[in-house]
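This report refers to the structure that appears directly beneath it.
Naming: A, B, ... by sequence-line order, numbering from 1 per chain. The basis for the numbers below is simple: all heavy atoms, side chains too, and nothing from hydrogens, waters or symmetry mates.
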There are 2 protein chains.
Amino acid sequence: MAKSDVSPSVVKRLPRYYRFLGEIKRAGIQRVSSGELSKKMGFTASQIRQDLNCFGGFGQQGYGYNVEQLYDEIGKILGVNQKAKTVLIGAGNLGRAVASHMSFEERGFNLIGIFDKNQALAGQLVRNMPIRHIDGLYDFCRDNTPTVAVLCIPSESAKEITDELVKLGVKGFWNFSHYDIAVNHPEVAVENVHLSDSLMKLSFHVNNL
Amino acid sequence: MAKSDVSPSVVKRLPRYYRFLGEIKRAGIQRVSSGELSKKMGFTASQIRQDLNCFGGFGQQGYGYNVEQLYDEIGKILGVNQKAKTVLIGAGNLGRAVASHMSFEERGFNLIGIFDKNQALAGQLVRNMPIRHIDGLYDFCRDNTPTVAVLCIPSESAKEITDELVKLGVKGFWNFSHYDIAVNHPEVAVENVHLSDSLMKLSFHVNNL
DNA sequence: ATAACTTTGTTAAAAATTTGAAAAAGTTAG
DNA sequence: CTAACTTTTTCAAATTTTTAACAAAGTTAT
């Protein structure tokens, strides 16, 4: 099956598999069956087999899956060995935390620049990288051609900056803002992290236990 | 339809509706049709009508939906007017950013305590609230009975703390750690924010455009 | 080498979600 | 007040996702 035919539901679970396999691999476990994965991950064994089979048979009857091989294969599918040049826009509380906290390199990204509109932040180091003023974004992108942007900015500024970044060749957005990139730019890849949506979902569930 | 019968897919979209209705309400718009919502939000009109109908007919034929009424109704369903007592565990980069950045009060939560195992952070103010040492968590919970916890801690510490919090009566977790609460405590409400999963999903999509 | 056992790959069925379309109800304009 | 129009509600069809079951293949123990 071609990668682009993989259903959204499967894509959503791939990172879970990857993380879990990484854990048991580091724990020294060499083989694992769909049944064991099922018990520890909370998916049905049937679903796990179905998912993994989208990419060709990695398992072996009577044995199960080789942890390291499966880990590597899923890593390849996810592209975690890529080095997509990435800029982060917005170095407020959230932006700085994301910049410092995330292992971009282990997930297929290479963070090459951090920008903020607040002149006072300029020069301050985050992750050993100076915060740059947003005015330099255009030139920076022209010179360094990043393909991915992380948006940690308020939604008011988001439309303008997104439009510019798309023009400058950015193909993927990790979007922490409330601006709806996907509706306005259906041609790029967008992954939204809507923290307040998540919080409201929790509110719903807590109030309906 | 009873709230607990609402399907996960619908619950996932409720916060989107709530946010968007809030925006257009603040912009002074008083009525809206499913067709307009569709165009601006990127769902089909049919789906929107189906979703909103789960909770009883808020709309009126030939007119559409009253923005303010619909906003209030969805707010009630989500429980954003609640004040669930909430503790945040882990005041590292991410924890501090979440504490400072999120509008807990507007989403149904009341943040009453921040904890960290790092003694050096104790007393430091975040959101006008002193960081407390984790050793005080037990007494604090016994005295203040929080019902929700935000976990911004590494997964190694997560199991122990989660077990203790569940014993102390915490019913909902906003989980930024990689520890799988839901598998081990199926009785509580869990909303996971797995940033690295989201990042890997973006990697997949960027590499398969 | 053989037999019993395990576990995958695969197919089919079931369940859930999304989309489409028509009937019912209310609005707006003349 | 009537007729044309808009839009929801509701029902049915199509699609997607999940679950179940079984045959095929390989492993392990004797």
Pair listing, side-chain hydrogen bond (donor to acceptor under 3.5 Å, both in side chains) test, anchored in residues 98-112 of chain A, at least two apart:
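Only A/Glu105-A/Arg127 qualify under side-chain hydrogen bond (donor to acceptor under 3.5 Å, both in side chains).
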
Qualifying side-chain hydrogen bond (donor to acceptor under 3.5 Å, both in side chains) pairs, either residue in residues 163-182 of chain A, two or more places apart:
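For residues 163-182 of chain A: A/Lys159-A/Asp163, A/Asp163-A/His185, A/Trp174-B/Ser198, A/Asn175-A/Ser177, A/Asn175-A/Asn192, A/His178-A/Ser196, A/Tyr179-A/Asn184, A/Asp180-B/Arg16.
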
For A/Gln50 and A/Gly64, find the nucleotide of DNA chain C closest to each by heavy atoms; which residue's nucleotide sits nearer the 5' end?
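Mapping each residue to its closest nucleotide by heavy atoms, the 5'-most match is A/Gly64.
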
Restricting to nitrogen or oxygen on both sides, can you table the protein-nucleotides 21-25 of chain C pairs closer than 3.5 Å?
residue, atom, partner, partner atom, Å
C/dA25, O4', B/Gln61, NE2, 3.3

Is B/Thr44 near enough to C/dT18 that one of its side-chain N or O atoms lies under 4.0 angstrom from OP1 or OP2?
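Result: no.
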
Below the 4.0 Å mark, does D/dT6 have OP1 or OP2 next to a side-chain nitrogen or oxygen of B/Tyr65?
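So the side-chain polar atoms of B/Tyr65 never come under 4.0 Å of the phosphate oxygens OP1 or OP2 of D/dT6.
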
Given D/dC11, D/dT19, C/dT17, which nucleotide is nearest the side-chain atoms of B/Ser7?
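Of all the options, the side chain of B/Ser7 is nearest to C/dT17.
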
Identify which nucleotide among D/dT10, C/dT17, C/dG26 has an atom closest to any side-chain atom of B/Pro8, counting heavy atoms from C-beta outward.
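Minimum distance to the B/Pro8 side chain belongs to C/dT17.
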
Throw together a table of side-chain donor-acceptor distances under 3.5 angstrom for residues 56-71 of chain B, partners on residues two or more places apart or in other chains.
residue, atom, partner, partner atom, Å
B/Asn66, OD1, B/Glu68, N, 3.0
B/Asn66, OD1, B/Gln69, N, 2.9
B/Tyr71, OH, B/Tyr18, OH, 3.2

Answer yes or no: is there a donor N or O on one side and an acceptor on the other, between the side chain of B/Arg132 and the main chain of B/Phe115, under 3.5 Å?
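Pair absent, no side-chain N/O of B/Arg132 close to backbone of B/Phe115.
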
Determine yes or no for a side-chain-to-main-chain donor-acceptor pair under 3.5 angstrom, with A/Ser9 supplying the side chain and A/Ser7 the backbone.
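Such a contact is absent between A/Ser9 side chain and A/Ser7 backbone.
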
Distance check, rounded to the nearest 0.5 Å: A/Phe140 atom CZ versus A/Ile114 atom CD1?
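It is 10.0 Å, given to the nearest 0.5 Å.
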
In chain order, what residues pass the salt bridge (charged side-chain N to carboxylate O under 4.0 Å, His left out) check against B/Arg19, with sequence neighbours excluded?
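Salt bridge (charged side-chain N to carboxylate O under 4.0 Å, His left out) list for B/Arg19, sorted by chain: A/Asp197.
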
Measure CD/A/Gln47 against C1'/C/dA15 and give the value in whole Å, please.
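A/Gln47 atom CD is separated from C/dA15 atom C1' by 13 Å.
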
Identify whether any heavy atom of A/Phe43 sits under 4.0 Å from a base atom; if not, whether one sits that close to sugar-phosphate; answer base, sugar-phosphate or nothing.
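No contact at all - A/Phe43 keeps every heavy atom at 4.0 Å or more from the nucleic acid.
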
Do any of residues 21-37 of chain B sit with a heavy atom less than 4.0 Å from DNA chain C, and if so which?
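Listed by number, they are B/Arg31.
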
